[in-house]
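Note sheet for the following structure.
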Amino acid sequence: MKRKYIIIAATLLATGFGSCKKSFFDINQNPNNPTGASPDLVLSTAITATADEQVIGQVTQFGFSYPFWQDWMGYWAPSGSYAINAGDQASYKITNTFGDFGIWQANYDNLEDYDYIEKAGASTNKPFFQGAAKVMKAIIYQQLVDCYEDVPYSEALEGTSKILPKFDKGSDIYDSIVDQINTAIGLLQQPAANVTLNTDVLFGGNAGNWIKFANTVKLRILMRESEVSGKEAYIKSEIAKSVASGGFLTNDAAADPGYSNNNGQQNPIYGFFVTITGLPTSGGPAADNNRAALYSINYLTNHQDPRLSRLYTSVGGQYLGNILGSSSNITGGSSSGVGPGILKSSSQPAVILSAAESYFLQAEANIRGWLGTPADAVTNFDAGVQASFTYLGAGDATAYYSQSGDKTTNLSACTTFNEQLACIIRQKWVAMNSITPVEAWDDYRRLHLPADIPLSVSPYSQGAIPTRIQYPNSEYQTNSANVAAEGTIDSQHSKIFWMP
Amino acid sequence: MMVFAFAAQAQTRLISGKVTEKSGDAVPFATIAVKGLKSSVVAGADGSFSIHAKTGDVITVTAVGFIEAEATVGSTNIVNVSLTRGQNTLNDVVVTTALGIQRQSKELGYSTTKVTSAELTQAKVTNVATGLAGKVSGLQVNLINNGVKPDVRVTLRGNRSILGNNQALLVVDDIQLPISYLATINPDDVDNVTILKGASASALYGSAASNGVMIVTTKKGSRGKPQIRFSTTESLESISYMPEFQNQFGQFGGEPQGFPGTIIMPSEPYINYAPFENQNYGPRFNGQKVPLGQPIRIFNPDGSYSIKQDSIIYSAKPDAKKGFFNTGLTAQNELSYSSGDEKSRFYMSFQDVSTTGIIPGDKGRRDAIRINGSRENGIFSADYSIGYTLSTTDRTAPGGVPFAFGTIDPLKILGGYAGGGGYFQARPLYWNIINQPADVNLKDYRNWQTDPYATPDGYFNSYYGNPWWQIDQSRFVERSASLLGSLSLTLKPTTWLTFNYKASIARDDYSNKYSQAGYTFADWAIKDTFGTGSIPNGVKKFSPSEGDANSFNQILTSNFLASARRAYGDFDFNLVAGTQLIETKAHAISTSAGTLVLENDYNIGNRAGNATVFEYDDHTRLMGVYGDLTIGYKRYLFLHGSLRNDWNSILSEANRSYLYPAIDAAFVFTDAINSLKNSKVISYGKIRVAHSQTAQVSIFPYQLQNIFVPGANFPLGVPGYTVGNRYFNPDIKPELSTDDEVGLELGLFHNKLSVSAAAYQTTTKNQTIPIAISSTTGYTSAFVNSGVMENKGIELDLKLNVINNSQGLRWDVGFNYSYNKNTVKSLGFGLPDINLPNPFANINAVPANIDAAVGLPYSQVKTQDWVRDPQGRIVVDKNTGMPTLDPTEKLFGTTVPPTKIGITTTVSYKGFTLSAVADARFGAVILNGIGPSLDFTGVSQYSASTGRQPFVIPNSVYLDGGKYVANTNINIANPNASSQTFWANLWNTAGSNYVNSADFWKLRELSLTYTFNPKTLSHINFVKGLSIGVVGRNLIMIKAKDNVWSDPEFSNTNGNAAGNTDLNQLPPTRFYGANLSVTF
């Protein structure tokens, strides 16, 4: 009797062991997230994130809005609703704990996606993905160098196998990304690179457009080095390659992933200012705090610029602007806000590189004798102004750029190289307003143009528009030896290698 | 593998029987011997035994704690023995050890502490954890917040895992559960709680038990006549103290002075009313009648309106903020029924706990039903237990806090809609209460629907909305239904052999709903006459929003256990072998919408645009096989060892199987050494030693492979994925803890004084750490197996019976002390310290990290400080006197108190029982995130400490020609404007200002009960017992002088990154109430 029970029990016990089969524990396949994704599915997100970076990286900081490039370049100024304090953008005070401006982490996160696309493209022999990813990596590294000078490049994006990536010199990275763009163009010229792809939210898989975009990014990089001595021959030869391989953008490179009027799915700058119910965003200093700067309004008004009403809203028929850093600015929404040429619709594509910028870059190359003839400069300049008018919905620009004797709107009226350069950069500055303000900052740091951009009047102002951004605190925590080797960074005086 | 030799004696036969108490309850593990023979047997846990004897033999029955009894074998084969309890109460405890194995406490080679039902519930707690605080050495219970849903963190002997779970495992009636299940248990259902402090005690539980175990055994029903008990407790909760506020300065401050067109304060013509966030930097209170807020429009029924402005007497109302809060009320009603006979026992209970919180409108309710029973039938016995608990809480929505799914493991599943906090800046309610000016009584603004000065349009404060609106319009309702059920079948084919199979279900179904009303501001209010950028002007129209989350977590456990207990000669053996299978499943889904179309329709179908959706699923299996052997020699020397192997589905095939051993020994020297047997000094003495290894898997399922996640806000018009930010490691292995422990237990002076001391050391290596890595790697964190953490500590428990006289006066005092020295030995990769994940790491833009740092105790406050000279003095600017923030964050001390002391005392005399529990914790710091907020708005005492006059920062220096010169005369200049700038925008940016000692003494529990003498009740036939009592909890707290903000036990998380508070914690409260209990 007893023995029988023991046998039953032993059988039960054995059954317990028996169920311990291998497959019994193989239930650890992730039901929540995919562990693999084809490169086309990653491309849509990556390009959209890059486009977000052009706007959101510059508009929002740690959930609060500190659109520092817009403010520093005289496009926007905070309303009187908020106090000026020592730590905000009006003071020019840049510290490594002042967030990372959405630049460092977001850009490397974005780069990782392109790195994945590039590697997946290489392993499956798809030149389109390799080429597109290389171009996008180049534009991001260009922006990182412009903000920080030296950044991890050769050892970056390796996961835990290179857990403490070293920093490469900004000038070396510049040279390398130009090479990478050349390689990318070679890949994109392969017949297999022409694809039809709706997740390529920039060009739908059109390799020809990608090549133009690549050439324009390269032109931006090369022109940035205009003040670096001994680079002229190199720049000229690289520009010649671009001309030979298909030339530059004539349309905006703008991401169109299908933004829609849903929370979080609006075009990023539109969603920053307008809720899905059509009212200005609120509950924080968004639409009510980021108002027109008096400086821009004055310039546009003084030059009869029809873009004024497209760039800014009017308040009772008037254009009222604020002064950066002033404690007696107009409060809330009572001053001019960002206008309908910028906030067109919730589904408007997000510009990564505008046609206007492409034309102004070419015009500058023309007057420097690096591209075409000096006479081409006027053609490109006029096309650039028109592209800006067109984007903003301001109609025909002919009358505007033909204003007799106006050396800031009419390139033909300029006689010296300096006047021509100032005129091109001034119009480029207008065209970058609320679209690519970082390019205006880059030009200001390179050429000190437009020369009369006012300094903040904040009592805490550090006295000069910052020349660079500090490495973020997170890097000091996680890669401390390498970032410490970069020494003490002075945001008001440290220079990027291409700055004179 | 055991071979038992049966003594063969021709003239004897097998006698069986049962050892019981007078009450009928079994006396387990009694030693039964035939007089004159050497051999003996040990009875089972149920008291049954069998022994070979012949008619006329006298058998002796000894059991620790009972008076020895004898019985003579007659003609039948059954001899039942009844024992009487003796005086020795120290080591007679039968302890439920790992996996429900019952053992006698004297056998144990490791620390256990048993807390009885009476000790647990003396202060009528509603949560079991609260009732344990201060009563057990080595146990730290932190009540991290008040309110209708208080949360607790429970750790034993410190923290072992840097980033994994550090909370003790909860075992309720043999069902292994996450500690959060404690909140669902009715403390009155608890028969006892056994605490297994160290890994040696808990090793048999496997992977989940390296942090110690809290074994909760529920009541099984008492034998004898049926008993019905009714108990009711009403208790009040009131605020014990508020942060220190200033009562000198009022609201006519603000940021920039001199807005055009604003009102002028009558007495001070140059001060404009600028009702900004920092408005409490106004002039000194002067008792005059002054205007308050902007002029508002008051409409008449015909549409006409008049313009009026509120006014107020400009003097402080010091208690107005505290007065905003209600007195909370908790009503607990319990009814239980207990009965049993020789073969079966039955217990059932119902409890209703209804709570209203100190925040007006906050309420909670918990209803719990439990049915336990058992039935014996020959060699079979069956036990069952079912507990079902429904809980609901309805609170003002917290500000900006992510939704937690479910109550089982909130750390495991986070997500959903992050909302709450009203229509502006998502400020928590507490913020909107305490940052209002000191001359305002918020109770005057209750009627926001009808009082024109209280509506969102007319409310005086331009930046912080009316908290009454928030209370009425922003709600967060949580519901959960928890089921715990188990069924156990025991087969006892012979007296020494037992087979047990137990299956159990734990299931928690949770849902929450967040609702936030919208508001459309009036045109006249949007106009913002003072140009302050007021809420109406900034918000204009606030959209209603809502979110819903549903989740379930379930744990199915199946245990098979065989145990054999035999004595042979001087030796007795107890062998246990078994298997365990634990399968968990969890699922969560949420929907939310930031914009709704219609007001007051909080349904996802009423959304504008797409809903935000989230889903999570997980499934794990764990199988364990174990063996456990105890060898006793002459019932005074015990050697015990166990071995368990686990297979865990969370890990890769190569790593999923892991084995861990435990071994311990106990030596009861008072039984072994003859000269001690009748000692008047030492009545009981035991030394013990233990060594073990345990393993914990500190990753969640699916964390071995890199993932792709949908891009932010994707899918848009096209789908899209992005590479996840965490770099996963497929080779993660379990964390391994090696635990060594020695202990001494003494009973002195006839056990009037008992002493238990333990020293231990635990080293946990192979720490599974998601280290933060440079984002330039393409990822922001990576899982690695690295790092070592060590805990060394001593524990001392004393119990002293001071008086126990013949007049019925009895006074007992208990004292427990523990000291735990934790050291993070290494983190790997040369990392000096790492941040612990904390959703609240920044408080008002002040970095408030909690870190693990090499060479220092876990965990450390890490925040910013001023630039200081080598002597530690604050370096200020030579011209302005202003300090500069040091960009490098520094460590400021541990948030886990190394030293803990608890004192309990009970005095009883003729029906009166007075009990008290006090405890203290020393050596930790806390970062009070409430501090920067109060300095920001200017309501803090701190911000008025220099009378808002120019002052020199004490102990400061300035740099002059490369030398630090003591600063005696460089003032923070320009009193008013600069004062608000200094305190509100500079001083409050250094987190170091708000780090203070977390030391405290608390009088946790105080209760006085009168139990009526049963004789006086004898004329009421049906009443068998009656007691009434008063109870108080948290009545007194003595805290460090520099802590002017909150309760140092509070934290904004019950995770590892404990030690920060913010404005989502309520002010500390005390409870006091009365209780009536009747037994029928």
Side-chain angles (χ1 to χ4, degrees), chain A residues 2 5 9 12-13 16 20 24-25 27-28 30-35 37 41-42 44-45 48 81 83 85-86 95-97 104-105 108-109 112-113 115-116 152 156-160 163 165 198-199 201 257-259 261-265 276-277 279 282-284 288 327 331-332 475 478-479, chain B residues 255-256 276 423-425 491 493-494 499 528 531-533 537-541 543 560 562 579 594-595 608-610 616-617 619 621 623 647 649-650 656 701-702 705-709 711 713-714 716-723 725 727 772-779 782 829 887 985-986:
Chain A
K2 283 174 205 160
Y5 289 124
L12 273 171
L13 200 65
C20 172
F24 185 72
F25 295 107
I27 54 166
N28 208 29
N30 197 327
N32 304 306
N33 295 103
T35 50
L41 276 177
V42 181
S44 53
T45 307
T48 306
S81 292
N85 67 50
T95 66
N96 57 23
T97 53
W104 186 269
Q105 189 169 315
Y108 276 104
D109 187 15
E112 176 64 31
D113 282 350
D115 198 58
Y116 173 80
L157 313 177
E158 300 281 332
T160 49
I163 205 164
N198 71 340
T199 54
V201 297
Y259 296 120
N261 199 33
N262 285 297
N263 285 319
Q265 301 195 322
I276 65 166
T277 57
L279 288 159
S282 57
D288 288 305
S327 60
T331 54
E475 198 64 14
T478 55
N479 195 10
Chain B
E255 287 154 349
F276 286 108
Y423 46 47
F424 197 65
Q425 297 182 350
L491 174 68
T494 74
F499 298 106
D528 188 23
T532 58
N537 178 273
V539 176
K540 296 175 187 76
K541 180 175 174 173
S543 294
F560 177 76
T579 68
T595 309
N610 288 349
Y616 178 86
D617 222 342
H619 184 194
R621 286 192 179 123
M623 166 118 182
W647 290 264
S649 70
I650 293 175
R656 74 166 57 124
Y702 325 123
Q705 267 184 297
N706 283 351
I707 57 164
F708 290 79
V709 297
N713 301 309
F714 269 76
L716 295 165
V718 291
Y721 281 86
T722 175
V723 179
N725 284 334
Y727 196 82
I773 58 176
S774 166
S775 44
T776 65
T777 59
Y779 301 85
F829 296 96
N985 287 325
L986 183 66

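Quick note on labels: first sequence line is chain A, next is B, and so on, each numbered from 1.
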Worksheet item: For residues Q705(B) and N30(A), is any side-chain donor paired with an opposing acceptor at under 3.5 Å?
Response: no
Item to complete: Measure the spacing between OG1 of T722(B) and CG of D113(A) and express it to the nearest 0.5 Å.
Response: 3.0 Å
Worksheet item: Between S44(A) and V718(B), what is the shortest heavy-atom contact and its length?
Response: CB-CG2, 3.8 Å
Worksheet item: For chain A, which of G711(B), S774(B), P719(B) has the most heavy-atom pairs under 4.5 Å?
Response: S774(B)
Worksheet item: Please walk me through it: do F708(B) and T35(A) pass side-chain contact (heavy atoms from CB on, under 4.5 Å)?
Response: CA-CA 6 Å; F708(B) 290 79; T35(A) 50; 5.8 Å; no
Worksheet, complete the sentence: Comparing P165(A), G258(A), G264(A), P257(A) against chain B, the one with the most heavy-atom pairs below 4.5 Å turns out to be P257(A)
Discussion item. Please report the interatomic distance CD(E112(A)) to CG(N725(B)), rounded to the nearest 0.5 Å.
Written reply: 9.0 Å
Discussion item. Heavy-atom pairs under 4.5 Å with chain B - which of V42(A), N479(A), T277(A), I27(A) has more of them than the others?
Written reply: I27(A)
Worksheet entry | Choice from L279(A), D115(A), T160(A) maximising heavy atom contacts with chain B below 4.5 Å | T160(A)
Worksheet, complete the sentence: Between the CG atom in N263(A) and the CG atom in N610(B), the distance rounded to the nearest 0.5 Å is 8.5 Å
Worksheet item: Who are the ring-ring contact (aromatic ring centres under 6.0 Å, His included) partners of Y721(B), not counting sequence neighbours?
Response: none
Worksheet item: Out of curiosity, D617(B) CG to N32(A) CG, how far, rounded to the nearest 0.5 Å?
Response: 6.0 Å
Worksheet entry | ring-ring contact (aromatic ring centres under 6.0 Å, His included) involving Y108(A) - partner list, sequence neighbours excluded | W104(A)
Worksheet item: chain B heavy atoms under 4.5 Å from E158(A): which part of the residue, side chain, backbone, both or neither?
Response: backbone
Discussion item. How long is the straight-line distance from CG of N262(A) back to CG of N713(B), given to the nearest 0.5 Å?
Written reply: 10.0 Å
Worksheet item: What's the verdict on side-chain contact (heavy atoms from CB on, under 4.5 Å) for W647(B) and F24(A), showing C-alpha distance, side-chain angles and the deciding distance?
Response: CA-CA 10 Å; W647(B) 290 264; F24(A) 185 72; over 6 Å; no
Fill in: L716(B) and Y259(A), any side-chain heavy atoms less than 4.5 Å apart
yes
Worksheet, complete the sentence: Cut-off 4.5 Å, heavy atoms of chain A, and the answer for N706(B) is backbone
Worksheet item: How long is the span from the CD1 atom in I163(A) to the OG1 atom in T776(B), to the nearest 0.5 Å?
Response: 10.5 Å
